[in-house]
Every structure is written in structure tokens, then in C-alpha cells.
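Comments concern the structure below.
Residue numbering restarts at 1 for every chain, and letters A, B, ... go by the order of the sequence lines.
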Amino acid sequence: MTTQFGKGCHLHLIDGSAFIFRAYHALPPLTRKSDGMPVGAVSGFVNMLQRYVEGNSGPDAPTHVAVIFDKGSHTFRNDLYDQYKANREAMPEDLRPQIPLTRDATRAFNIACEEIEGFEADDIMATLAHQARDAGGRVTILSSDKDLMQLVGDGVEMLDPMKNKRIDRDGVLEKFGVAPERVVDVQALAGDSVDNVPGAPGIGIKTAALLINEYGDLESLLDRAQEIKQPKRRQTLIDHRAQIELSKQLVQLDCDMELPFTLDDLEVKDPVVDDLMAFLTEMEFRTVTKRIADKLGVEAPVVEVATSAEEVAAPEAVPFDADKYECVRDAAALQVWIDRIWERGYVAVDTETTGLNEMVVDLVGISLCVEAGQACYVPLAHKAAPADDLFGSDDMADGQMDMDTCLDLLRPVLESDAVMKIGQNMKYDAKIFARYGVAVAPIDDTMLMSYAMNAGLHNHGMDTLSDRYLGHTPIPIKPLLGTGKSAITFDRVPIDQAVPYAAEDADITLRLWQQFKPQLHVKQVTTVYETLERPLVPVLAQMERNGIKVDRDTLSRMSNAFAQKMAGLEAELYQLAGHEFNVQAPAQVGKILFEEMGLEGGKKTKTGQWSTPADVLEDLATEHDFAGRILDYRQLAKLKSTYTDALQEHVNPDTGRVHTSYSIAGANTGRLASTDPNLQNIPIRTEEGRRIREAFVAEPGKVIVALDYSQIELRILAHIAGIDALKQAFLDGIDIHAMTASEMFDVPLDEMTPEVRRQAKAINFGVIYGISGFGLARNLRIPRGEAQGFIDRYFERFPGIRKYMDDTVSFAKEHGYVQTLFGRKINTPEINAKGPHAGFAKRAAINAPIQGTAADVIRRAMVRMPDAIADMPAKMLLQVHDELLFEVETGAVEDLIGTAREVMENASDPAVRLDVKLAVDAGQGANWAEAH
DNA sequence: ACGCTCACG
DNA sequence: GACGTACGTGAGCGTA
């Protein structure tokens with residue numbers, strides 16, 4: 001019954017993207033009950049298709065129809081002009097997962113559904129319209145996009161589906177002032193701010209049409225531009241000729257594409273009722289399913305809708321099956337996966353490497369997963385022989401793709417805006433890819449999703465998440481790599497063993513994502529995830545890759561000096577003790593102090609050993625030199641081993657710099673943590689330790705700049721607890737600890753003694769930590785009763801603080817979590833515990849909103865910083881909780897300080913209006929010691 | 001592997 | 001009435 005497309009045929013071309021966006025914006029967010037999948041746009045899309053189908057009767061009915069979609073964001077137009085559509089807003093988060101479903105919906109209606117990588121839907125429609133016209137048929141384009149108006153004429157018309165208004169030649173003339181053939185000329189001149197087509201500055205559609213009508217076409221106009229009377233207009237056309245010609249190329253649709261299908265493939269077919277009903281049921285659309293079933297004259301299938309998330313069993317589990325994972329060994333096999341990724345719009349990615357330090361390790365292989373249970377591993381650099389093979393052990397194993405070939409094939413998907421790349425701790429993989437020249441974006445991260453939802457409940461490593469949320473224990477890596485000295489790197493793992501392990505990681509990640517993504521809304525942490533967690537990934541990746549220059553010679557000299565002093569102290573200590581012992585063993589030190597010397601005040605740890613912490617030794621030091629010497633020795637040993645020695649090992653041989661790694665999901669409160677090495681605890685409190693910072697230097701011609709928030713936690717406390725006296729003090733720029741002391745002890749500010757101020761300062765910090773009489777007493781070394789008196793006095797003067805504390809604890813007891821000002825949730829599972837646990841949990845709950853809000857503030861500043869300083873010769877290097885460190889060219893220091901301070905001081909805006917202004921102190925110098 | 005101690009905010 | 005406590009981290013060392 002197939003008829004050849006030709007005279008008498010009528011082709012309908014539906015602009016799929018326009019349908020999707022209209023559907024998305026017309027409907028409120030709607031989620032599928034069973035799993036929370038957003039389906040609002042799909043529902044709207046289905047409605048529009050249904051209305052379309054219903055309206056297709058009578059003599060004007062189409063014989064052929066197709067819905068045409070965009071695919072990928074990179075087209076030949078981006079090659080012509082990299083700014084094409086560059087200012088287009090990113091696709092909304094909850095729309096992206098619905099895109100593949102709109103394809104499914106179209107197929108469910110048995111309507112042809114077409115898209116071609118690298119081309120816009122407009123080009124496909126242009127080509128089809130020309131083919132149909134040339135074959136003698138009629139064409140109707142269902143779209144209101146003015147870019148398509150150039151196609152109108154000779155049997156091609158547009159139909160605005162919203163206004164139900166047909167647009168023919170006259171309609172185009174009305175809109176553009178020229179015939180359809182000249183529409184591109186007008187667009188080339190007028191440009192298009194939506195698509196970021198430049199055009200000619202200062203010329204709009206009206207003027208453009210005037211000029212084209214006068215000179216006939218664009219080429220003639222540009223050739224004869226000298227003749228234009230208005231001087232400004234003339235000059236614009238002469239100056240911007242290249243830009244105008246480029247614009248024409250951008251707006252000109254491609255009517256001669258090679259299509260992998262023919263018009264005949266687009267013939268109108270009746271829907272297959274079962275397929276359509278199956279799709280609607282799967283989407284859990286009750287009303288729409290019933291309506292369409294009625295229209296089709298069939299019984300509506302029962303759509304089961306769960307009443308709450310808890311009642312729903314886990315989405316029917318596809319069992320984990322390592323045998324199903326594919327090993328991808330050549331380009332053809334990889335291409336199959338890439339095609340599937342484009343079709344899906346998302347992919348879970350995992351990299352395997354030769355180690356854990358992403359600045360050093362080599363890429364060994366890549367895993368991909370597009371659907372639960374369906375994953376592959378692409379081995380790239382596995383060695384042929386195991387490590388203990390003495391002969392030819394560096395030969396590559398057979399059957400692996402060439403690294404560059406693989407990365408070149410994957411790069412388009414990994415960099416495409418249209419494909420979401422899903423990872424578990426994506427910062428790691430993104431840094432690896434970055435070193436291989438691939439800029440992975442956009443990304444989702446299951447670790448960060450878990451962190452946003454479950455901070456405080458458990459850690460967010462893959463093993464934990466898989467066990468907890470998928471009920472599946474991942475294949476352990478240990479048996480593959482071995483332990484200790486005989487451990488091998490992943491490139492020595494035989495490929496057949498690597499495949500199940502590596503592919504499973506991607507499979508797990510995808511399943512976690514499918515589960516977590518819809519839950520972000522339910523748990524109301526989407527904004528936290530999207531503004532405070534995820535955007536930090538590229539920012540931190542860049543900072544970590546920047547690294548900071550560390551001068552090994554400086555450290556080395558200090559290390560030698562420390563060693564000498566330690567040797568001297570060691571000898572003295574042996575003499576004082578009367579025998580040799582291990583100075584660094586607390587148990588031995590305790591034995592000497594509390595048994596051999598018989599000193600009082602010793603306590604034992606829960607393991608039964610003598611305890612010798614610094615504060616105890618400090619008290620003893622007044623009685624006996626031994627304790628003081630131990631303290632001195634310990635300080636030096638700490639500085640030497642942790643800083644001057646270990647830090648040198650962390651200098652990267654390629655960059656000469658130290659590259660820390662930040663954990664985004666480590667600290668429950670939202671703070672970052674720095675590891676390998678920890679650069680957030682470089683000494684500063686003692687003069688000797690502080691000198692370590694002299695080794696953190698700027699390159700020649702550059703300067704280290706440090707900006708830190710002044711008293712940010714106390715300011716946040718003043719805001720949250722609404723303490724007017726504190727707010728006023730910050731407003732007036734008064735010394736906040738002195739003010740506290742003055743209020744508490746009725747001492748005028750100008751008679752304040754350092755001792756009284758010190759006590760008030762301890763109380764201020766104590767408040768932030770969830771103060772207790774015992775803790776304050778120990779900190780200030782005063783009797784417990786006296787400390788309690790201070791606290792009572794404090795609460796009398798600042799009753800808002802006590803209220804904040806009580807309110808916070810009762811909120812935590814009721815809800816099981818506390819919140820920062822920006823909505824970050826910190827779970828408090830122990831808050832209702834009995835016994836000593838309870839005290840910990842209470843204090844943590846009191847502290848978390850304050851510490852967490854401060855953490856949120858600096859995160860916001862960091863996310864905004866790269867754009868703010870983009871045109872400055874400056875790099876952001878480190879974050880130390882309330883401080884950001886930069887390396888800046890000497891001439892740009894003041895600029896950088898001005899801009900970065902602005903970003904930091906206003907970081908809470910516009911989400912939160914703080915009653916207290918945030919203040920930022922700045923310093924600069926050749927090294928970190930000078931900058932602080 | 002774990003506890004102790006100590007470096008930072 | 002006793003208990004055991006300042007909040008949040010990471011690293012190096014000694015000891016099991």
C-alpha cells in the first residue's frame with residue numbers, strides 16, 4: 001500500500017524541540033509517582049501530539065508526517081562561529097532526562113521521529129521540504145520559528161500550532177518585509193540575539209528589509225554599499241562585511257543534506273494501540289491515558305499509582321550480571337556505544353588509572369553505561385605481561401584501541417551540552433580527562449547527590465552507596481591488585497579480569513543516578529546540589545591542577561635545623577629520665593612522668609596507657625623541665641615530619657608545585673577537606689611553625705594574595721540568632737571580643753584588659769561549638785563553677801543565643817536534621833540518643849548551621865570567582881575554610897583584591913540577605929607568610 | 001588497623 | 001546524681 005511521494009501528497013513537518021519547550025513551560029513540574037522521574041514535559045508533549053492527531057482529518061490531512069528533533073549541541077555552525085547560540089541558557093535540569101522520553105512518545109504514536117547528529121532540526125526540515133516540493137507535493141511546517149520562514153513558497157507553508165495561523169508568502173512578507181527567498185538576507189543584516197548571530201550592528205529587521213528591497217539582494221547591497229546615503233549605515237556595512245557574510249552562512253538552512261531515510265518512510269500510519277497504551281501506562285499518566293483510550297475506542301489500561309514513595313518497591317531490579325558487560329576493543333564497537341549515548345542524552349562514565357593521584361597517574365581504560373545492566377569497558381593501556389615478568393613486561397596487551405583514537409571518538413559526547421556525563425566523584429575523572437585534553441561537561445555526580453541528601457548519615461563512597469541503595473556489594477579491587485609490596489597497578493590487571501570490575505562501576509553509578517536524581521526534589525536539596533556542590537567540581541579541579549609552588553630548598557634547610565634541635569633535646573631528655581627511651585611514644589613518656597618521677601595528675605586513656613596530651617604536659621612543665629622538653633620536641637617533630645619533610649615528597653616533578661586534593665563530600669557540615677597533602681593545616685599559630693609558610697611562594701613576577709573572611713562564623717551567628725548587640729558591634733566595626741567582655745563584665749571598652757578579652761573570646765568561640773561549663777573551664781583553665789557562671793552571664797546578656805541553641809536542638813529532634821541558611825541539610829541521627837552520645841549530637845547540631853552556612857558562603861564565592869577574574873592574570877590556588885589564596889601577576893594585585901573581595905563579601909546574595917555585612921581582609925607578599 | 005597527638009579553621 | 005564533653009577536619013607515629 002506504500003505510495004511513492006509525489007503530486008497530491010502532503011507532508012507535515014513538526015518542530016520537535018519547539019513542542020518540547022512549549023510543553024515544558026506550559027505545565028507545572030510533574031513527576032512520576034513510582035520513582036519521582038520528572039515527566040511534566042512528556043505529558044504536555046503527549047497532549048500536543050494527541051491534539052495534533054485528532055485535528056488531522058478532512059481533505060487537508062497529511063499523507064506523510066515526521067517529528068524532527070535537534071541532536072547534539074555542536075553543529076557545523078559552531079565550526080563557522082564558536083559563539084553561535086553561545087548565550088543560550090542551559091537546558092533545565094528536570095527537562096534533560098525527559099528528552100529521550102519525547103522520542104519514545106513520538107514512536108508510541110507511530111509517527112516518524114528523525115534527528116541527525118551535527119545538524120539542527122531546521123536543516124533536516126529544510127532538506128525534506130525541498131525534496132517534497134521538488135517531488136510535486138505540498139508541505140506544512142508546524143512551527144512558529146521565524147528561521148524556518150525562508151522555506152515558505154511553492155507549496156511550502158508554515159502553521160503556527162498555538163495560534164493555528166497559516167503563514168504563506170504574504171505572511172512572510174508581513175513579518176520580514178521581503179519575500180521568503182530574501183529572508184536570509186534580512187536575517188544576515190539584522191542578526192539574532194537569541195541564536196547569537198551577530199548581523200550588522202544597529203540594523204534591525206525594518207532597516208534590513210528596506211535595504212534589501214532597494215538593492216535586490218545582500219550581495220548587491222554589500223558590493224554597492226558605498227552608494228548608501230546615510231553615512232553611519234554605509235560605514236557599518238563596509239566595516240562589518242565579513243561579519244554579515246558569516247551571519248548569512250549561519251542563518252542559511254542546509255537544504256541539501258544527505259538523509260538516511262526517504263520521504264516515503266514518513267508515511268502516515270495509524271498508531272499501534274498496544275504500543276501507545278504501554279507507553280502511557282509506563283509514564284503513569286492516568287487522565288491522558290483514559291482520554292486517548294476513549295478516543296481510540298479501547299478500554300483504558302489500569303495505571304497503578306503508588307501513594308507514597310515509601311510504598312514503592314525499588315524500581316524493578318535488573319540483576320547485576322558481570323557476564324553481560326562488553327569489552328570494547330575497536331572503533332566500530334565503540335561507535336555503537338556512542339550512538340546509544342547520543343540517543344539517551346546521558347551516560348555514566350568511569351576511568352581506570354594506574355593509581356590514585358590524578359596529577360600523576362596514567363589512564364588505563366574507560367567504562368561506560370547507558371542503561372542498568374548494560375555497560376562496557378574500553379581497555380586502552382593494559383600491559384601484556386604481569387609485573388613479575390622480567391621479559392618484555394612493558395609491551396601492551398593485544399586487542400586494545402589506540403588511546404587517541406578512542407578519545408577523539410568520545411570527545412564529542414564527553415564535551416557535548418546535550419549529553420549529561422554521570423560519575424561517582426567526577427572531579428577525579430574530569431581531572432584525568434583534562435590531562436588528556438578532554439573537557440568533560442556537563443556533569444552529574446552521584447557522590448555529591450548523596451552528600452546533598454544524606455550528609456551525616458553515612459559516607460558517600462561507591463561501596464557504601466551501592467550496598468545501601470542497590471543492595472549490591474561491588475566487586476572488590478583488592479584481589480585484582482593485591483596488597484602491600486606485591487601490589488600491582490591496574491594496567492597490569494589482565495583485561496578479562498578488568499572488564500567486570502570496571503564496567504560494574506559505571507553500571508552502579510548509573511543505577512545510583514537513576515535513583516538519586518528524582519529524590520533531590522523530594523528531599524528539597526536540588527538547589528543545594530546545583531548551586532553549592534556540583535558547580536564546585538570544575539572550580540576545584542582547576543585549583544588542584546594549578547597547585548602552589550613550594551620551595552624545596554627552604555623546607556630542606558628548615559628540616560636540617562629542626563633535626564639538630566631535636567637531637568639536642570633528645571640528649572637532654574635522656575639525661576633527665578636517666579635512661580634512653582622513645583621520645584615519640586606517649587606510653588613511655590607517661591611511664592617516666594607518672595611512675596618513675598612520681599608526678600601527680602596523670603590520666604590513662606581508654607586503652608589503659610598513660611595519656612600525655614599537650615595541655616597536661618603544659619601544667620606539668622611548671623614543675624619539671626622534662627615535660628617542657630617533651631613539648632618542645634613534639635612540636636619540632638611534628639613540623640619536621642608532617643611539613644618540612646613530607647611536603648617535599650608532594651612536589652610534583654613535572655610542575656614543581658604541590659597539588660592538594662579537596663574532598664567535597666568529606667565534612668558533614670559542608671566544609672571542604674584537603675588531602676594528599678592537607679594544605680588546610682599549614683602552621684601559623686607559633687612563630688617557628690609559621691615560617692613553614694615562607695616556603696609557599698609565588699613564581700617570579702607574581703605575588704601571593706590571601707583574602708580571608710573576618711569573623712565570619714560570629715557574624716553568621718549574629719544573623720541567625722538575631723543578636724542586635726552583636727550586629728551593631730559588627731556594623732560599628734568594634735572589636736567583637738572586647739564588646740562581649742564589656743557587656744558581660746560591665747567593663748568599659750577603654751578599660752578592657754587583655755585577660756578579660758581573652759576570656760570573652762573563648763566564650764564567643766565556645767558558643768559556636770555548643771558551649772558547656774566543663775569545656776570552657778578546661779579551655780580557660782578555671783574552675784568549672786566559675787566557667788558556668790560566665791556562661792550564665794552570657795546567656796543573660798544575649799538571650800537570643802540560648803534561644804537559638806534550644807530551637808536548633810528541638811528542630812533537630814523533630815526533623816532529624818538541621819539546616820544552613822542556604823538550605824543545606826545536615827542529618828543528626830544521634831540527636832535522640834541516650835547517654836553521652838546525646839551531648840555530642842546536640843553540640844554538633846548547634847554548630848552545624850553556623851559552620852555550614854560559612855562553608856556555603858565561601859563555596860558560593862568560589863563558584864563565582866573564575867568568571868569574575870577571568871580577564872585577570874590571576875589564579876585561585878587554595879581554600880582554607882574562610883580564606884582564599886591566589887597567585888597574581890604583580891601589576892594586577894590591586895585589581896584582583898578589589899574584584900575577589902567584592903565577590904566574597906557579596907557571596908550570600910541574592911539567595912540570603914544577611915543582617916550583618918561580611919568583611920574580607922586582604923594581604924599580599926612573595927610568599928604565604930607575607931600574604932597573611 | 002587503630003589510638004594518640006597535634007596541625008589548621 | 002553521675003557521666004563525660006568544647007565544633008569540624010587530616011597526617012604521622014607507635015603499637016597491636
Side-chain angles (χ1 to χ4, degrees), chain A residues 455-456 483 581-590 603-617 630-631 633-647 649-650 660-663 666-686 688-690 692-693 708-714 717 762-780 784 787 791 805 818 826 834-852 854-855 858 878-883 928 932:
Chain A
T483 51
F581 66 101
N582 186 345
V583 183
Q584 303 211 66
Q588 295 183 38
V589 171
K603 279 192 189 153
K604 293 203 172 171
T605 65
K606 57 185 164 191
T607 54
Q609 300 287 350
W610 287 110
S611 168
T612 61
D615 56 343
V616 172
L617 296 187
I630 289 283
L631 283 169
Y633 184 93
R634 277 192 188 163
Q635 194 200 359
L636 294 172
K638 177 81 174 181
L639 292 176
K640 182 170 184 298
S641 68
T642 310
Y643 300 104
T644 59
D645 291 351
L647 213 44
E649 305 298 311
H650 282 284
T660 184
S661 179
Y662 289 100
S663 346
N668 290 338
T669 52
R671 273 197 178 179
L672 302 178
S674 162
T675 63
D676 309 305
N678 181 354
L679 295 185
Q680 289 181 322
N681 70 346
I682 303 302
I684 193 168
R685 290 171 185 172
T686 66
E688 256 176 329
R690 189 189 186 106
I692 305 271
R693 295 186 172 219
D708 67 290
Y709 283 107
S710 163
Q711 307 283 12
I712 186 168
E713 292 192 354
L714 277 175
L717 174 69
I763 295 168
N764 276 333
F765 279 110
V767 165
I768 291 171
Y769 299 149
I771 200 162
S772 75
F774 181 92
L776 184 66
R778 207 180 61 165
N779 191 280
L780 286 176
R784 198 171 151 178
I791 294 169
M805 292 180 155
V818 292
I826 297 115
K834 297 272 177 272
H837 285 338
F840 277 116
K842 272 188 197 175
R843 290 191 297 272
I846 289 165
N847 173 258
I850 303 166
Q851 187 181 115
I858 197 165
L878 299 179
Q879 187 251 42
V880 193
H881 309 306
D882 63 356
E883 169 185 5
W928 197 359
H932 207 280

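C:dT9: Watson-Crick or G-U partner is B:dA7, with both key distances under 3.5 Å. Pairing for C:dG14 is with B:dC2, a Watson-Crick or G-U wobble pair whose two hydrogen-bonding atom distances lie under 3.5 Å.
Within the 4.5 Å cutoff, the side chain of A:Leu714 has heavy atoms near those of the A:Asn764 side chain. At least one side-chain heavy atom of A:Arg634 sits less than 4.5 Å from a side-chain heavy atom of A:Pro586. Counting heavy atoms from C-beta outward, A:Pro683 and A:Leu639 have side chains that approach closer than 4.5 Å.
In the set C:dT5, C:dG8, C:dG14, the nucleotide with an atom closest to the side chain of A:Ser772 is C:dT5. For A:Ser663, taking side-chain heavy atoms from C-beta onward, the closest of the listed nucleotides C:dG10, C:dC7, B:dT5 is C:dG10. Distance from the side chain of A:Thr675 is smallest for C:dG10 among the nucleotides C:dC7, C:dG14, C:dG10. The side chain of A:Thr607 has B:dG3 as its nearest neighbour among B:dG3, C:dT9, C:dT5. In this structure, the nucleotide among B:dC8, B:dC6, B:dG9 sitting nearest to the side chain of A:Asp882 is B:dG9. When distances are taken from the side chain of A:Arg685 to each of C:dC7, B:dC8, B:dT5, the shortest belongs to B:dC8.
The separation of C:dG4 from B:dC4, taken at their P atoms, amounts to 15 Å, rounded to a whole angstrom. Of the P atoms belonging to B:dG3 and C:dT5, the separation is 15 Å, rounded to the nearest Å. When the P atom is used for both B:dT5 and C:dA6, the distance is 13 Å, rounded to whole Å. Comparing B:dC8 with C:dC3, their C1' atoms sit 31 Å apart, to the nearest whole Å.
For A:Gln879, the side-chain hydrogen bond (donor to acceptor under 3.5 Å, both in side chains) partners are A:Gln680, not counting sequence neighbours.
Using a 4.0 Å heavy-atom distance criterion, A:Phe765 is classed as making no nucleic acid contact. Using a 4.0 Å heavy-atom criterion, one finds that A:Ala646 contacts the sugar-phosphate atoms exclusively. As judged by a 4.0 angstrom heavy-atom cut-off over every strand, A:Arg690 is placed among residues making no nucleic acid contact. As judged by a 4.0 angstrom heavy-atom cut-off over every strand, A:Gln588 is placed among residues touching the sugar-phosphate backbone only. A:Asp676 comes within 4.0 angstrom of sugar-phosphate atoms only, judged by non-hydrogen atoms across all strands, and of no base. Within 4.0 Å (heavy atoms only), A:Phe774 reaches at least one base atom of the nucleic acid. Using a 4.0 Å heavy-atom criterion, one finds that A:Ala762 contacts the bases of the nucleic acid, with or without backbone contacts as well. Within the 4.0 angstrom heavy-atom criterion, base atoms lie near A:Asn779. Within the 4.0 angstrom heavy-atom criterion, only backbone atoms of the sugar-phosphate kind lie near A:Gln635; the bases stay farther away. Using a 4.0 Å heavy-atom distance criterion, A:Asn681 is classed as a base contact. Contact annotation for A:Gly766: base contact, defined as any heavy-atom pair under 4.0 Å involving a base atom. Using a 4.0 Å heavy-atom cutoff across all strands shown, A:Gln851 reaches at least one base atom of the nucleic acid.
Proximity of a side-chain donor or acceptor of A:Ser674 to a complementary backbone N or O of A:Leu679 within less than 3.5 Å is detected.
Counting to the nearest Å, the P atom of C:dG8 and the CZ atom of A:Arg843 are 9 Å from each other. Atoms CD1 (A:Ile850) and P (C:dA6) sit 18 Å apart, rounded to a whole Å. The distance from atom CG of A:Leu647 to atom P of B:dC8 is 14 Å, rounded to the nearest whole Å.
A salt bridge links A:Arg671 to A:Glu713: one of the charged nitrogens lies within less than 4.0 Å of a carboxylate oxygen.
For the pair A:Gly773 and A:Ala844, both in contact range of DNA chain C, the more 5′-proximal nearest nucleotide belongs to A:Gly773.
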